[in-house]
4 protein chains.
Amino acid sequence: MKVRRARGKPARERGADVPRPSNTDERRGQIVDGLLDVMAREGYARATIAAIGKAAGLTPGLLHYHFGNKQEILVALVERLAAVLDARVEARLAAAGETPRRRLHAFIDASVALGEDADPRAVSAWAVVGAEAIREPQVRALYTQAVGTMLSRLRALVSACLREERRTTRNAGRIAAAVLTAIEGAYRVSAAAPGVLPEGFAAPTLKRMVDGLLQAEEES
Amino acid sequence: MKVRRARGKPARERGADVPRPSNTDERRGQIVDGLLDVMAREGYARATIAAIGKAAGLTPGLLHYHFGNKQEILVALVERLAAVLDARVEARLAAAGETPRRRLHAFIDASVALGEDADPRAVSAWAVVGAEAIREPQVRALYTQAVGTMLSRLRALVSACLREERRTTRNAGRIAAAVLTAIEGAYRVSAAAPGVLPEGFAAPTLKRMVDGLLQAEEES
Amino acid sequence: MKVRRARGKPARERGADVPRPSNTDERRGQIVDGLLDVMAREGYARATIAAIGKAAGLTPGLLHYHFGNKQEILVALVERLAAVLDARVEARLAAAGETPRRRLHAFIDASVALGEDADPRAVSAWAVVGAEAIREPQVRALYTQAVGTMLSRLRALVSACLREERRTTRNAGRIAAAVLTAIEGAYRVSAAAPGVLPEGFAAPTLKRMVDGLLQAEEES
Amino acid sequence: MKVRRARGKPARERGADVPRPSNTDERRGQIVDGLLDVMAREGYARATIAAIGKAAGLTPGLLHYHFGNKQEILVALVERLAAVLDARVEARLAAAGETPRRRLHAFIDASVALGEDADPRAVSAWAVVGAEAIREPQVRALYTQAVGTMLSRLRALVSACLREERRTTRNAGRIAAAVLTAIEGAYRVSAAAPGVLPEGFAAPTLKRMVDGLLQAEEES
DNA sequence: CATGAATGAGAATTCATTCAT
DNA sequence: CATGAATGAATTCTCATTCAT
């Protein structure tokens, strides 16, 4: 079995000769990117080691030097997709100031922008990840965690809005869930049935939608 | 290559020879059901001919007698899922009477109920279909068509509501898209991250959501 | 295992009801013709039972009612091809009178005409038979016998010519073999590389060739 | 799909890494030889990947590493058979000097010697190739090309002889075709009906045959 | 680190043959 | 006789993974 090196730990000072500086992190990044590339185009099943390697410009053997097996690459990709989304949300929230409604809208913008200013491959790949999650416990765990994190955040943002407007927060969870499913559904439909959704419908409509849902809650 | 017989062709009555009546339709149904079963549990890639056959109680060779290849089974399944959903929507719309708002709500109920009173396997399978659609043109075509049909219907229902309330129908398409993505997202999240969504959130929240969106349109 | 009925023996008086007249011979003929058809176009390997059946307008099950297995059909076809050739040779020899040279020329005409006035499928099929003969002892036996018969006949004709011209018959076997190989080669090349051979070259050139060979034998 | 590497590409000299030198050419040669072996004995249909691998002492998976599919192996074999024959003809022509008649005889010797001093498997294999050519366009193309090349060469040689003897070259094409078919027929009959042809008849008889044909042409 | 040949366990598909009706 | 569903063995091809160099 292959040894898994801790990421970032340079494997230096290993022989008597001049040690080659470790490029593990770079290589792992390349490989994950290769998977993203292939998976977005062809799905996970066709993402063979050879195909990933070709997309990454690396040889099959090398993939197994840096990853123990194929699934580890998928896991790394899911982690990366989640991290990227997370970072974008974080950034936009930071820029949105303190007004609850503004922050909620910023969250929606950040999420849906995944398909606009960001890597469109990520949208397709995320759709595939959802299908892989059905059968692969480890992927499911990561997907569930990513979705759960989003949901918690949304709930907090929704609650803040409701509180500010002195409305009951009783349904905050459901409202958050509605937003979340609309976002996930938008990813999925735009990946699997491109052209069906109206151009640029997502962000404005979702924001109006959540505004309507907030307003429908009774004042306390 | 296997020939696909016209479904339902009755055994011909020629002379004294009355061979066994064709059971092709029944068998094809069994096989499609086997795929539904396996796919909901394990995804399409793991839905091997052997696995489908086992789930259907049939031998591998027989699957290829009734279907030319594996993809044809998938196509038949997608067609069936779409038809079932369509039938349910049709039935509920018929029962909903003529009030536009009622009909729109009935549509949402019918769609989301896919995961409640109906086959929960269909939800998972539909999530997998979305991923297969990314790479398989024929599946994509069917998925796109199914989604497109839903969208048209929703748009008509939304427009009717808006007209009744004397509001502009300018954004009918976007509102319909929001509902559609929320429905598709609900399927997906509940299949790929079960337990994350609040129990029974979907139908009531989606109805409230669409009501809010309708109300936000300006009167004409 | 299937029972093989003697050909031509009608299977009558078999039940209490009005016996269906046997159509075995007709059916067997159809089937052999189906094989000829498919084999000429696609080779023996692609001549599946289903394909033969389709070409013959019969169902797979029926083929195995009339033939014990696939190879028996091939054997019947080889026998038929040989018989047809034989009959044509016989007919032309009968029409050629008694002059040895004339008879020899008639033989060549009859053989090569296989590809001209006769079924062109037979030429292709015969080429395929040669390949099957390499591995199938039973086919090889039939092919060898057919070729052996031709060779003996040719040798006799050649000897008669030589004797008439008072030449040594020492090389009659070799001359006959040369004619035979040229005939067989013409079949093969025209089947496997159509268009390469000059149109209608065969009969006149072969006759001139054998005349040259005869003349080269020394007088005794 | 397997990629076909340029044959003969030397291992690159980059940095300290000197991986194992490619043995692709050697392996491909082994595999083609395995096919030759099996095909000569059992025909193409029985030349399964497993059988070829066994004959070559390689595992089935490896065959598909070096060849994209089974047919590519066949194509490589046909190319090799044609090249070998071509090389032998070339060599004998070179050794035959300038006399036209001598060169023509050398050609016949070279061709027919395929079955004498050379690999007898090649004769059988060539017979099988002819049958495969009937259905496989790529094989047919190669076979047609090989036969066409032989025919052109023969025609040139025949014409040279006729010119030297001041005879008309009008029938050069037909004479060449006669020689060609006799050669091809000799291959075929000796492969498919071994023992029927007189021992060692081919070369001398064919030479006498062509001499007779040449002499029959009228002087100009 | 890197290469790519090698392996072997599947997976889809084909097809002769059987057999209930 | 006839049908065509059913079986199961065989076959091609794929691919993750290993490993010598």
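Source: prediction; values computed, not measured. Naming convention: chains lettered A, B, ... in sequence-line order (proteins, then strands); numbering from 1 in each chain.
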Rounded interatomic separation in angstrom, taking CD from C:E26 and C1' from F:dA2: 14 Å
Atom pair CD/CG of A:Q138 and A:L74 - distance to nearest 0.5 Å: 8.5 Å
Inter-residue atom distance C:T59.OG1 - C:H64.NE2, 0.5 Å rounding: 11.5 Å
Consecutive Watson-Crick or G-U pairs in runs of at least 3, all under 3.5 Å, in which DNA chain F is involved: E:2-21 with F:2-21
Shortest side-chain distance from B:Y65, nucleotide among E:dA16, F:dC13, F:dG4: F:dG4
Rounded distance [0.5 Å steps], CE in B:M39 versus CD1 in B:I73: 11.0 Å
Contacts of type salt bridge (charged side-chain N to carboxylate O under 4.0 Å, His left out), residue A:R140, not counting sequence neighbours: none
Atom-to-atom span, CG of B:L63 to C1' of E:dC15 - whole angstrom: 16 Å
Closest heavy-atom pair and its distance - C:A40, C:S124: O-CB, 3.6 Å
Integer-rounded Å distance: E:dC1 P and A:Q30 CD: 12 Å
Atom pair CG (B:N69) and CG (B:L63), whose distance is rounded to the nearest 0.5 Å: 11.5 Å
Phosphate OP1/OP2 of F:dG4: any B:T24 side-chain N/O under 4.0 Å: no
Interatomic distance where NE2 belongs to B:H66 and P belongs to F:dG4 [whole Å]: 12 Å
Stretch residues 33-46 of chain A: residues that reach within less than 4.0 Å of DNA chain E through a heavy atom: none
Gap between atoms CG and P, on D:D25 and E:dG4 respectively (whole Å): 14 Å
Nucleotide F:dT12, atom P - distance to CD of D:Q71 in whole Å: 13 Å
Nearest heavy atoms of D:P60 and D:A50, plus distance in Å: CG-CA, 4.4 Å
Side-chain N,O (A:T48) to OP1/OP2 (F:dT14) below 4.0 Å: no
Basic-acidic side-chain contact under 4.0 Å: D:R27, D:D33: no
side-chain hydrogen bond (donor to acceptor under 3.5 Å, both in side chains) contacts touching residues 38-53 of chain A (sequence neighbours left out): A:D37-A:R41
Distance, rounded to the nearest Å, where D:I52 contributes CD1 and F:dT12 contributes C1': 11 Å
Salt bridge (charged side-chain N to carboxylate O under 4.0 Å, His left out) against A:R135, all qualifying residues, sequence neighbours excluded: A:E132
Within residues 54-62 of chain D, residues whose heavy atoms come under 4.0 Å of DNA chain E: D:T59, D:G61, D:L62
Non-hydrogen atoms of C:A47 and C:I52 that approach each other most closely: O-CD1, 3.6 Å
Protein-nucleotide distance (D:I49, atom CD1; E:dT7, atom P), rounded to Å: 15 Å
Phosphate OP1/OP2 of E:dA6: any D:N23 side-chain N/O under 4.0 Å: yes
Closest contact, heavy atoms only, D:K70 versus D:I49: CG-CD1, 3.9 Å
N or O in side chain of B:H64 less than 4.0 angstrom from F:dT7 OP1/OP2: no
